[in-house]
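Below: the structure, in structure tokens.
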Amino acid sequence: MPELPEVETVVRTLRPEIVGKSISAVWTSGIALRMAKRLDVAVLQRECVGATIKAVRRRGKYILIDLQRGATRSAGILVHLGMTGRLRVQPQRELRVKHTHVVWALARKQEVRFVDPRRFGWVQAAPDLDALPEIQALGPDPLSDLDAGELRDRLAVSHAPIKAFLLDQHRVAGLGNIYVCEALFRAGIHPTTQARRTQGKAALLMQAIRDTLQLAIANCGTSFRDFVDSTGAPGKNIEALLVYGREGENCFQCQAPVRRAVHSGRSTFYCGNCQIR
DNA sequence: AAAACACCCTGCCTGC
DNA sequence: TGCAGGCAGGGTGTTT
């Protein structure tokens, strides 16, 4: 399940493999992706073919691939991995696996492939990625644009449960179900606490979020089933998880069994002793 | 208005 | 062994 650390891992492995290379062709499966929406093949072809890859970066859970077209014109490719999306760099001769939806051909018979069995992901090309509404709408990135003061101000005006607050990409960008559970455990905050009632713990929560994400990035992401980086390697962070996926097992702090409940339609793992309302 | 819920989708797992 | 049903949760659109 790609969240910020998994997306960051893909960006870091992708960057040295593709920056500086040029795209000679684009292929798409023609199958609709997120929200049953079809890719705009014409725009993808127009912006990508003949372009050189200038940079690979991340905003929240989005991957942004910056392109240079000639001396003056730039463009970019936006990729969201959804639940099961993968970006891989592979030799052209390797067979394309089932559910391959987009392929960019590079020099030296290399290809960048977007594979997504559940099709919750998204790919699009555009002249200016940062101007796209989905990027504009993102909240601050917790590793670069968010500090405890800003977080406190945002918490202060929300009546939503803290878990729903942190999952909302418009408020803070990059956290998903796994790392929200982990950060709330580290901060000792119960997932159903109203966001504005956690204001006093903003600094603690901010640090918990940073620690959680940085550890996961150091471990190259969490691989339950699907996640691999652009070279095909899984992450090692599953061993570092404190509560997520540990229902019934002992809390590392107090030994009470870790509980699971459904909040906002998502499984929440937490310790009823260590996390208070 | 903001919060909650339904939906998109496939693969894996459980239970009959 | 086969198959139905439940579950996983990114984001978006709709309802409450």
Side-chain angles (χ1 to χ4, degrees), chain A residues 1-11 29-39 58-64 78-87 96-102 114-124 129 132-139 141-142 153-184 191-198 213 216 221-228 234-235 237-238 241 243-248 260-270:
Chain A
M1 295 135 210
E3 303 179 30
L4 187 153
E6 290 74 32
V7 177
E8 182 65 28
T9 300
V10 172
V11 164
S29 67
I31 294 167
L33 297 181
R34 175 192 294 180
M35 301 301 288
K37 213 165 68 173
R38 279 182 198 285
L39 302 184
R58 178 189 62 75
R59 275 282 281 124
K61 299 176 194 170
Y62 284 93
I63 297 165
L64 292 81
L78 182 72
V79 180
H80 194 293
L81 300 175
M83 285 290 298
T84 54
R86 298 176 174 194
L87 268 184
R96 289 180 188 177
V97 296
K98 198 176 169 184
H99 307 301
T100 299
H101 296 296
V102 186
F114 175 76
V115 178
D116 187 5
R118 283 166 65 182
R119 288 145 58 195
F120 281 18
W122 186 242
V123 176
Q124 86 179 83
L129 294 180
L132 291 173
E134 46 270 69
I135 296 300
Q136 287 280 314
L138 290 175
D141 196 286
D153 293 345
R154 287 173 181 259
L155 289 169
V157 294
S158 173
H159 295 244
I162 186 65
K163 192 188 177 206
F165 175 97
L166 292 173
L167 283 172
D168 185 348
Q169 303 299 300
H170 306 106
R171 290 174 162 133
V172 179
L175 297 171
N177 203 36
I178 295 173
Y179 299 113
V180 166
C181 290
E182 294 294 300
L184 288 174
T192 60
T193 314
Q194 237 186 12
R196 63 195 185 94
R197 302 217 180 273
T198 69
L213 295 176
T222 302
S223 297
F224 271 105
R225 187 177 302 150
D226 301 288
F227 174 70
V228 290
N237 197 60
I238 198 161
L241 297 179
V243 284
Y244 192 89
R246 299 191 60 245
E247 183 183 13
R260 189 179 80 90
V262 176
H263 300 136
S264 321
R266 304 279 188 263
S267 280
T268 306
F269 296 88
Y270 65 102

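Here is how names work: the chains are called A, B, and so on, in the same order as the sequence lines, proteins then strands, and each is numbered from 1.
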| said: Taking side-chain hydrogen bond (donor to acceptor under 3.5 Å, both in side chains) as the criterion, tell me which of A/Thr193, A/Asn177, A/Thr192 meets it with A/Lys163. | reply: A/Asn177

| note | Whole-Å distance, A/Ile135 CD1 to C/dG11 C1', equals 13 Å

| field | B/dC9 base / A/Arg119 side chain donor-acceptor hit below 3.5 Å | value | no

| query | Tell me: CG of A/Leu81 to P of B/dT10, nearest whole Å? | reply | 18 Å

| Rounding to a whole Å, what distance do you find between A/Met83:CE and B/dG11:P? | 14 Å

| In residues 154-172 of chain A, which residues come under 4.0 Å of DNA chain B by heavy atom? | A/Ser158, A/His159, A/Ala160, A/Pro161, A/Arg171

| Would you find more than 12 non-hydrogen atoms of other residues, nucleotides or ligands less than 6.0 Å from A/Arg197 atom CZ? | no

| task | Name every residue in residues 176-184 of chain A that has at least one heavy atom under 4.0 Å from any atom of DNA chain C, in order of residue number, or write none if there are no such residues. | result | A/Gly176, A/Asn177

| remark: By ring-ring contact (aromatic ring centres under 6.0 Å, His included), A/Tyr62 pairs with (sequence neighbours left out) A/His80

| message | In this structure, how many angstroms lie between the C1' atom of B/dT10 and the CG atom of A/Asp116, rounded? | response | 10 Å

| field | Contacts of type ring-ring contact (aromatic ring centres under 6.0 Å, His included), residue A/Phe269, not counting sequence neighbours | value | A/Tyr244

| field | salt bridge (charged side-chain N to carboxylate O under 4.0 Å, His left out) partners for A/Glu182, two or more places apart | value | none

| request: Could you list the residues that satisfy side chain to side chain contact (heavy atoms under 4.5 Å, CB included) with A/Arg96, not counting sequence neighbours? | output: A/Trp27, A/Thr100, A/Val103, A/Glu111, A/Arg113

| side-chain contact (heavy atoms from CB on, under 4.5 Å) between A/Ile162 and A/Val180, worked out | CA-CA 9 Å; A/Ile162 186 65; A/Val180 166; over 6 Å; no

| Partners meeting side chain to side chain contact (heavy atoms under 4.5 Å, CB included) with A/Pro5 (sequence neighbours left out) | A/Glu3, A/Tyr179, A/Leu213, A/Ala216, A/Ile217

| message | Starting the side chain at C-beta, find the nucleotide from C/dA8, C/dG10, B/dG11 nearest to A/Tyr244. | response | C/dA8

| query | Got a sec, which residues hit side chain to side chain contact (heavy atoms under 4.5 Å, CB included) with A/Gln124, two or more places apart in sequence or on another chain? | reply | A/Leu78, A/Trp122, A/Leu132, A/Glu134

| field | Candidate nucleotides C/dA8, C/dG11, B/dG11, ranked by approach to the side chain of A/His99 - the nearest | value | B/dG11

| query | Taking atom P of C/dG11 as reference, at what distance in whole Å does atom CZ of A/Arg59 sit? | reply | 13 Å

| task | Could you check whether A/Arg260 gets within reach of a base, just the sugar-phosphate, or nothing at all, counting any heavy atom under 4.0 Å? | result | sugar-phosphate

| task | Describe, as an angle rounded to 10 degrees, how the axis at the first end of the helix from B/dA2-C/dT16 to B/dC16-C/dG2 is tilted relative to the axis at the last end, five pairs per end. | result | 50°

| query | Taking only residues two or more places apart in sequence, or in another chain, which ones meet A/Arg260 in a salt bridge (charged side-chain N to carboxylate O under 4.0 Å, His left out)? | reply | A/Glu247

| said: Between A/Val102 and A/Val79, is the side-chain contact (heavy atoms from CB on, under 4.5 Å) condition met? List the steps. | reply: CA-CA 11 Å; A/Val102 186; A/Val79 180; over 6 Å; no

Got a list of protein N/O to nucleotides 6-8 of chain B N/O distances below 3.5 Å?
none

| Any A/Ser267 side-chain N or O less than 4.0 Å from OP1/OP2 of C/dC7 | no

| Residue list, side chain to side chain contact (heavy atoms under 4.5 Å, CB included) with A/Asp141, at least two apart or on another chain | A/Leu4, A/Arg58, A/Arg59, A/Leu143, A/Ser144, A/Asp145

| query | Do A/His99 and A/Val115 come close enough that some side-chain heavy atom pair is under 4.5 Å? | reply | yes

| request: Please lay out, stage by stage, how A/Arg119 and A/Leu33 fare under the test side-chain contact (heavy atoms from CB on, under 4.5 Å). | output: CA-CA 5 Å; A/Arg119 288 145 58 195; A/Leu33 297 181; 3.7 Å; yes

